Amino acid sequence: MSFRDFIDNLRKNGRLTEIDRPVSKDFEAPILAHENKGPVFFTNVDGSKAIMNLLGSREELGAMLGVPKEEIIQRLADISPDGEVVVVKDSPTKDVIVEEKNVDLFKIPIMKHFEKDGGQGYITAGIVVSEYEGEKNASIHRLMVVDKNTLSARLVPPRHTYVIHKKAAEKGEKLPIAIVLGADPVITYASTTRVPLSKEFEYAAALRGAPVELFECSNGIKVPHAEYVLEGYLDPQERVAEGPFVDITGTYDHIRPEPVIKITKIYHRKDPIYHGILPAGAEHLLMMGVPYEPKIYKAVSEVTTVKNVVLTEGGCCYLHAVVQIQKQTEGDAKNAIMAAFAAHTSLKHVVVVDEDIDIFNPDDVEFAIATRVKGDADIMIVTNVRGSSLDPRGAPDGTTSKVGVDATKVLVNKEDFERAKFPVLKK
Ligand SMILES: C/C(=C\C(=O)O)CCOP(=O)(O)O
Ligand SMILES: [Mn+2]
C-alpha cells in the first residue's frame with residue numbers, strides 16, 4: 001500500500017483531521033499536531049502538504065497490522081523477517097528529480113518543534129537506508145538540518161547505521177545512503193524494529209503479506225517507493241554539534257558531535273506529502289517502544305510463560321515495562337525481570353504481573369503493586385548497568401540503577417490475592 005492510499009483510507013474512515021489554512025513549518029504545524037492528537041493532514045505547510053500523528057495510537061498500529069491492540073506483540077514476535085523483496089526499474093518517486101546544484105532542504109517542510117531545538121529544523125520520520133560491503137540497513141534516525149544540503153544524524157551505538165558508518169569511516173570511505181520519507185507505513189514501522197542486519201524490508205514484506213518493491217538510486221542504494229527520497233552520503237570524518245533535540249522523555253537530549261550527511265540529489269513525487277513525527281508525541285513514543293516489546297516477549301518466553309508485554313506511555317514507551325506472566329513456580333518473576341533488562345538495555349524499571357492484571361491500565365498495575373508486593377522480598381535493584389542516554393537521571397558514563405518489581409501473587413497462598421467478583425444473578 002502506498003503512503004497516499006494509507007492516508008486516503010484514514011480520510012474515508014473519518015479518522016483524518018484536515019487543516020486547509022496556511023501554517024508555518026516552524027512551530028505552528030507541530031503545535032497543531034500536539035493539540036489534535038489523531039492523524040492531521042496539512043494542505044499548506046509553507047506551500048507543501050504534510051501529515052503528522054500518522055500512527056499515533058496502538059489502535060491505529062493494530063489496524064495497520066490487522067490485529068487488535070492486545071495482539072500486536074504476538075503478531076510482531078511470530079513473524080520471521082523473510083518476506084519477498086523485488087527490485088523494479090520505475091517509481092512514482094522519480095516523478096521529480098532535483099540535481100545536486102539545486103538541492104535545497106529548506107524547500108521541504110522540515111519542521112522546528114520546540115523553542116530550544118538545535119539546527120534549522122529536524123527530519124523526524126526519515127528512514128536512513130545504507131549499504132556497505134554487502135550489509136544493508138534501514139532505520140529511522142533524527143536528522144538535524146545544518147544548511148541547505150547538509151544534515152547531521154544522531155547515530156547511537158550499537159544501532160546498525162552506527163556500526164556500518166563506523167566500518168566505512170575506519171577505511172576513510174563515504175557511506176552512501178538514501179533517506180526515505182513517506183513510504184508504505186508498514187515499511188516505516190519495520191524500519192524502527194530490531195530485526196537482524198539487512199532484514200528490515202523483508203520483515204516489512206512479511207508483515208504486509210505482499211512483496212516490497214525497491215528501486216535503485218543513482219548511488220546504488222535501493223529504496224522503497226515513497227513521497228521523498230534524499231540521496232547522499234555520510235561523511236567518514238566530519239561532525240557537527242547535534243542538538244539540542246527533544247526526545248521521547250519530552251526533555252532536551254544533550255548536544256554531541258555527530259556525523260554529517262551531504263545530500264546530493266532529491267527525488268520526489270508530484271505534489272509530495274511530507275511525514276513529520278512530533279518529538280515526544282504518541283507516534284514517536286510508539287515507534288521507539290513497540291519494537292522492543294516483541295524482543296522482551298521472546299526473551300521472557302525463554303524463562304517462563306509470558307502472556308503480554310507493554311512499554312507504558314507514562315514511562316515514555318521506553319524506560320518502563322510491564323510484563324504479564326502465567327507464573328508457574330516461585331521466582332519466575334525475578335527471571336522475567338532479568339530477561340526483560342537483557343532484551344532492552346535502555347529499560348530502567350520493570351513490573352511483573354499475573355494474568356488477571358490489565359497491563360494497559362495503569363490503575364490495575366498499581367493495584368498489583370499495592371496488594372502483591374512486599375518491598376524487602378519483591379524488589380530487585382541492579383546497580384551500575386548500561387541505561388539509556390535519554391534518561392536525564394542516568395550517570396554521565398551512561399550507567400544507571402535498574403529496579404524490577406515482582407508484583408505477582410505468592411503461589412503458596414494465592415487465594416489471599418483473589419479479586420472478589422459479584423455473582424451472576426439469575427434474571
Ligand atoms: C536516539 C536514540 C535511539 C535510537 O536511535 O534508537 C537514543 C536512545 O538510545 P539509548 O540506547 O537508549 O541510549
Ligand atoms: Mn537494522
Side-chain angles (χ1 to χ4, degrees), residues 81 85 117-118 122-132 134-144 151-167 175 177-180 187-204 221-224 234 242-256 258-259 261 277 279-280 284-296 311 315-321 340-349 385-400 402:
V85 172
D117 279 1
Y122 264 91
I123 297 177
T124 50
I127 308 168
V128 179
V129 185
S130 54
E131 190 168 342
Y132 188 70
E135 289 179 333
K136 292 177 284 172
N137 188 53
S139 50
I140 295 185
H141 301 281
R142 68 192 201 212
L143 302 165
M144 184 182 82
L151 298 165
S152 177
R154 163 78 174 125
L155 300 185
V156 183
R159 297 294 306 278
H160 291 151
T161 314
Y162 172 91
V163 173
I164 294 178
H165 172 250
K166 192 162 179 268
K167 271 191 192 165
L175 178 68
I177 60 151
I179 298 162
V180 176
I187 297 177
T188 307
Y189 178 73
S191 304
T192 70
T193 57
R194 303 303 189 257
V195 290
L197 191 63
S198 307
K199 289 291 191 184
E200 283 85 2
F201 296 140
E202 282 78 358
Y203 187 57
I221 300 298
K222 293 176 209 67
V223 292
L234 260 157
E242 187 273 337
F245 178 78
V246 171
D247 218 296
I248 44 163
T249 50
T251 56
Y252 288 95
D253 191 11
H254 301 135
I255 299 176
R256 306 176 181 84
E258 292 290 337
I261 295 171
I277 294 178
H284 184 195
L285 266 52
L286 289 174
M287 289 273 191
M288 285 281 283
V290 175
Y292 282 106
E293 292 170 351
K295 269 196 93 187
I296 298 171
L311 287 163
C316 317
C317 289
Y318 201 68
L319 300 175
H320 284 182
F341 284 143
H344 174 25
T345 55
S346 304
L347 187 64
K348 192 158 81 157
H349 302 141
V385 216
R386 190 261 193 213
S388 174
S389 60
L390 297 176
D391 177 8
R393 191 65 180 91
D397 66 0
T399 61
T400 189
K402 306 208 172 193

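As the structure is a computational prediction, the values presented were derived from the model and not from experiment. Values below: every heavy atom of this structure, side chains too, minus hydrogens, waters and symmetry copies. One is the number of the first residue; the rest follow in order along the sequence. We count ligands from 1, going down the list as the structure has it; atoms in each ligand are counted the same way.
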Is the distance from the Mn ion (ligand 2) to the nearest N/O/S atom of Asn137 under 2.8 Å? yes
Minimum side-chain heavy-atom gap [X]-[Y] below 4.5 Å:
X: Met287; Y: Thr124; result: no
X: His160; Y: Ser139; result: no
X: His284; Y: Arg142; result: no

Using a 4.0 Å cut-off to any heavy atom of [X], which atoms of ligand 1 qualify?
X: Ser346; answer: 10 (P), 11 (O), 12 (O)
X: Ser388; answer: 10 (P), 12 (O), 13 (O)
X: Ser389; answer: 7 (C), 8 (C), 9 (O), 10 (P), 12 (O), 13 (O)
X: Arg194; answer: 6 (O)
X: Tyr318; answer: 8 (C), 9 (O), 10 (P), 11 (O), 12 (O)

Have a look at His160 and say which of its N, O or S atoms is nearest the Mn ion (ligand 2). ND1
Looking only at N, O or S atoms, find the one in Glu200 nearest to the Mn ion (ligand 2) and name it. OE2
Please answer whether the main-chain N or O of [Y] pairs with a side-chain N or O of [X] as donor and acceptor at a distance below 3.5 Å.
X: Tyr122; Y: Gly243; answer: yes
X: Asp391; Y: Arg393; answer: yes
X: Lys136; Y: Val129; answer: no

Straight-line distance of Lys199 NZ to Thr193 OG1, nearest 0.5 Å: 12.5 Å
Write out the residue and atom name of the closest protein heavy atom to atom 6 (O) of ligand 1, then the distance separating them to 0.1 Å. Arg159 NH1, 2.4 Å
Closest to atom 3 (C) of ligand 1 (heavy atoms only, candidates Thr161, Leu347, Val156, Leu155) is Val156
With heavy atoms only and a cut-off of under 4.0 Å, state how Arg386 meets ligand 1: side chain, backbone, both or neither. side chain
Whether His344 and Tyr292 hold their rings parallel, tilted or perpendicular, with breakpoints at 30° and 60°: parallel
